[in-house]
Protein chains: 2
Amino acid sequence: MFSQAEENYIKTIWHLQQLQQKVSTNSLAERMQTKPASVTDMLKKLEAKKLLHYEKYYGCSLTTDGKKIALSIIRRHRLWEFFLSEKLGFAWDEVHAIAEQLEHIQSAELTVRLDAYLGHPRFDPHGDPIPDASGELQPREQFLLAEWPAGKPAIICAVQNHDASFLELLGQKSLDIDTHLIVQKRYAFDQSADLLLASGQVVQISAAISNNIYVKAD
Amino acid sequence: MFSQAEENYIKTIWHLQQLQQKVSTNSLAERMQTKPASVTDMLKKLEAKKLLHYEKYYGCSLTTDGKKIALSIIRRHRLWEFFLSEKLGFAWDEVHAIAEQLEHIQSAELTVRLDAYLGHPRFDPHGDPIPDASGELQPREQFLLAEWPAGKPAIICAVQNHDASFLELLGQKSLDIDTHLIVQKRYAFDQSADLLLASGQVVQISAAISNNIYVKAD
DNA sequence: TTATAATTTTAGTTTCGCCTAAAAATATGT
DNA sequence: ACATATTTTTAGGCGAAACTAAAATTATAA
Ligand SMILES: [Mn+2]
Ligand SMILES: [Mn+2]
Ligand SMILES: [Mn+2]
Ligand SMILES: [Mn+2]
């Protein structure tokens, strides 16, 4: 139905729209690792297909149809990530690149069966919710670690950033999905913090890290 | 490394070479559902990449490199077919079209882990052998049903043709992988035959069918 | 052998997704 | 308000992978 290039654009626009409802050509170009001129071309094409609204010089936003497509791609992406992690034992930071390809496999039946085989998982290995078959995304009851009060027990349930460099750093600091922790101390100067882990280990993290980790109450 | 189009050509050439060592432009075009002119273009490109030998007007044949690539694609194809059939419960005639897409996913690690997860299967759901990691294909100890002696118990272990129309017909006649049967009578006039199945059922099959089923001794 | 048929290649287009360079529009700062 | 900076679009082009129509080559059969 849609080419891989089109699907990648739709999905990226959806993600950017979570932050700002109008998506600019440049932000899209940066995220897609391409040039603004290429983005303009694609926006015209996707507008013609009624997947997004596009006003010259003022950015784009997905139509209802566009959002539905986006969520179906995200559903496939996250189901495959779950499969790669849960069934094949891939590490947290390895699944994204492969799911980026698998999400484009065209077969409605495949998605249905994969979902059932995996036991209808509700969250991917990064803690992100998996849209259900009708495109519903349950809101996450998760908070930024940066905003979590010191002393209150928490569990890591998601990360905002999926770059390999970030996930690698988390590994270094023994931080992972389901890690139990308490914010021991937060330093006003640079918003860095000391975390006490369930293991008894204490690790230091920068503000950049706490702004990319989601936690929930333990 | 190689585009999906290139991979599809390589794989198809490999299959055609099992029948005739020199592959003609027209036979390739027919198999690929494309035009001879398009094939000529691609043959030039693949020759430049040293994946095949190509002599104008006289067809092509894969180089050692080309064969290695072909077997790695076939390995992925058959591993995915096994996964779809064994783990997701897809029917015999549904797996091919999806594996046709999955075979192009680029990740050496994925193939390694999938193979291990599936328990290093040696045959796909159609009974075709899965090349091992080094590209070795074990020869099948299988015979065409058309050549199988009447009266001798046999088990269906593979099919030559994977078209949905063929597999559907097999379903109609209750013929499947692992079906036990005996050739009850063969008719000289059109080489059609009566099969006695383990169930006691007797089914009539045409020569076209017996030439596309492989059996082994029961 | 020679005419005809079949196969294959060449030449010229098309669509897609990308690019660079230049022009146009919008945003910003004094 | 106006000059400057930033963002975005336009124009023109390229490579991949397909196509059609015409030309070239090889195969076949009288
Ligand atoms: Mn993708
Ligand atoms: Mn994810
Ligand atoms: Mn394929
Ligand atoms: Mn098969």
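As a basis for the values below, the full set of heavy atoms in this structure was taken, side chains included, without hydrogen atoms, waters or symmetry mates. A note on names: the letters A, B, ... follow the listed sequences, proteins ahead of strands, and every chain is numbered from 1.
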Is any side-chain N or O of [X] closer than 4.0 Å to OP1 or OP2 of [N]?
X: B:N26; N: C:dA6; answer: no
X: B:S38; N: D:dC19; answer: yes
X: B:K56; N: C:dT10; answer: yes
X: A:Y57; N: D:dT7; answer: no
X: B:T25; N: C:dT9; answer: yes
X: A:Y9; N: C:dC18; answer: yes
X: A:S3; N: C:dC16; answer: no
X: A:T40; N: D:dT10; answer: no

Open item on the list: On DNA chain C, does the nearest nucleotide to B:P36 precede the nearest nucleotide to A:E6 from the 5' side, or the other way round? Give the residue.
Closed with: B:P36

[X] [atom1] to [N] [atom2], straight-line distance once rounded to whole Å:
X: A:M32; N: D:dT8; atom1: CE; atom2: C1'; answer: 17 Å
X: B:K35; N: D:dA22; atom1: NZ; atom2: P; answer: 16 Å
X: A:E30; N: D:dT7; atom1: CD; atom2: C1'; answer: 13 Å
X: A:Y58; N: D:dT6; atom1: OH; atom2: C1'; answer: 14 Å
X: B:Y54; N: C:dT8; atom1: OH; atom2: P; answer: 9 Å
X: B:N8; N: D:dA16; atom1: CG; atom2: P; answer: 17 Å
X: B:Q33; N: D:dA18; atom1: CD; atom2: P; answer: 12 Å
X: B:K44; N: C:dT9; atom1: NZ; atom2: C1'; answer: 7 Å

Task: Matching residue for B:V23 among B:L16, B:L62, B:L43 - test: side-chain contact (heavy atoms from CB on, under 4.5 Å) - done: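 Only match with B:V23 under side-chain contact (heavy atoms from CB on, under 4.5 Å): B:L16.
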
Open item on the list: Are the side chains of A:H96 and A:H77 in contact, using a 4.5 Å heavy-atom criterion?
Closed with: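 Yes, close enough: below the 4.5 Å cut-off.
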
Open item on the list: Any N or O donor-acceptor pair under 3.5 Å from the base of C:dC16 to the side chain of A:D41?
Closed with: no

TODO: Tell me which nucleotide among C:dC18, C:dA21, C:dT10 gets nearest to the side chain of B:A37.
DONE: C:dT10

Open item on the list: Check whether A:Y117 forms a cation-pi arrangement with A:K87 (NZ or CZ under 6.0 Å from the six-membered ring centre, at most 45° off the ring normal).
Closed with: yes

Open item on the list: Does B:K216 qualify as a cation-pi partner of B:Y214, given the criterion of NZ or CZ under 6.0 Å from the six-membered ring centre and within 45 degrees of its axis?
Closed with: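 No, B:K216 does not sit over the ring of B:Y214.
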
- [ ] Would you please indicate yes or no on a ring centroid separation below 6.0 angstrom for A:F82 and A:F90?
- [x] no

